[in-house]
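Ligands are counted one by one from 1 in listed order, and the atoms in each one are counted from 1 as well. It should be emphasised that the depicted structure is a prediction, and the values quoted were computed from it without experimental measurement. This chain uses plain numbering: 1 for the first residue, then up along the sequence.
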Amino acid sequence: MTYPVDMSVKPEVSAHFDEATNTISYIVRDPASVHCAIIDSVMDIDYAAGRITYDHADALITEIEGKGLKLDWIIETHVHADHLSAAPYIQQRLGGKIGVGEKIMVVQETFGKIFNEGTEFQRDGSQFDALFRDGDTYNVGEMTCFAIYTPGHTPACMVHVMGDAAFAGDTLFMPDGGSARADFPGGDAGQLFDSIQKVLSLPDEMRLFMCHDYGPNGRAIQWETTVAAQKADNIHVGGGKTREDFIKFRTERDAQLAVPKLIIPSLQVNMRAGELPRDKDGNLMLKVPVNGI
Ligand SMILES: [Fe+2]
């Protein structure tokens, strides 16, 4: 697959860090117009209390309104297991299309079963406005953007490239953070390695924006790096590490990781494009499958 890379287009990227989930949401502005996209928004949840709020999403909305921007796209790099998407809330306020990888159908099938969703839960991705395949292009104003299919962390992961900026989702963390886990249902360490190679084959100067950062070894939170820096220094895949090395390391490491705190509500909401599920009477309601995950 040859991707339509255009390093001469340099979008303005505004990062919003969510302290509760260590997620970074982005507003990406077409340099030639007032059009923009949001990558990976966050809805706030106090899971213990079953309470949803929108402070993080409101900050994105306030910035877009304050700058007089027009929102074309609300992109999910994948079905996140550690935070809830605020895509429908943002769409209601600002418009824009919600897009995700076409393999969302695989994720919906897997978790539709685990959460014992009825037939009213569609598993065809129809909750989203657009489903991307490898190499699909779309526009943010005059800027042509494209999606790269990058499975491994989940079956529906995609990296989105806008001009000289790529949004890595959970393929990579900052060089000193390495890579994301590959042990969720449908995850695969070998696939993740191959997907990371796709990202690393982008131009060296490509700006790379992470979806998460946990400030390893006490350093301050960071989210921006480059393809060149990842190739040289990434602790899991940089410096010529082999696929076999990676699979062995990733598998051993994943076996020791705790389940993400918000995986139960995140999956139920994110597989519905950010909508909360409802019970048979129409009340917003989340489930907990016992020993299901
Ligand atoms: Fe993730």
P31 side chain near P11 side chain, heavy-atom distance below 4.5 Å:
yes

Do N139 and T144 have side-chain heavy atoms sitting under 4.5 Å apart?
yes

When rounded to the nearest 0.5 angstrom, what distance separates OG in S41 from CD in Q91?
10.5 Å

Give the cluster check for V140 versus I74: same hydrophobic cluster or not, with ILVMFWY residues linked at side-chain heavy-atom distances below 4.5 Å.
no

With hydrophobic residues grouped by side-chain heavy-atom distances under 4.5 Å, do F167 and V5 end up in a single group?
no

salt_bridge(E244, K248) N-O dist < 4.0 Å
no

For the Fe ion (ligand 1), which protein N/O/S atoms fall under 2.8 Å? Skip waters.
H78 NE2, H153 NE2, D170 OD2

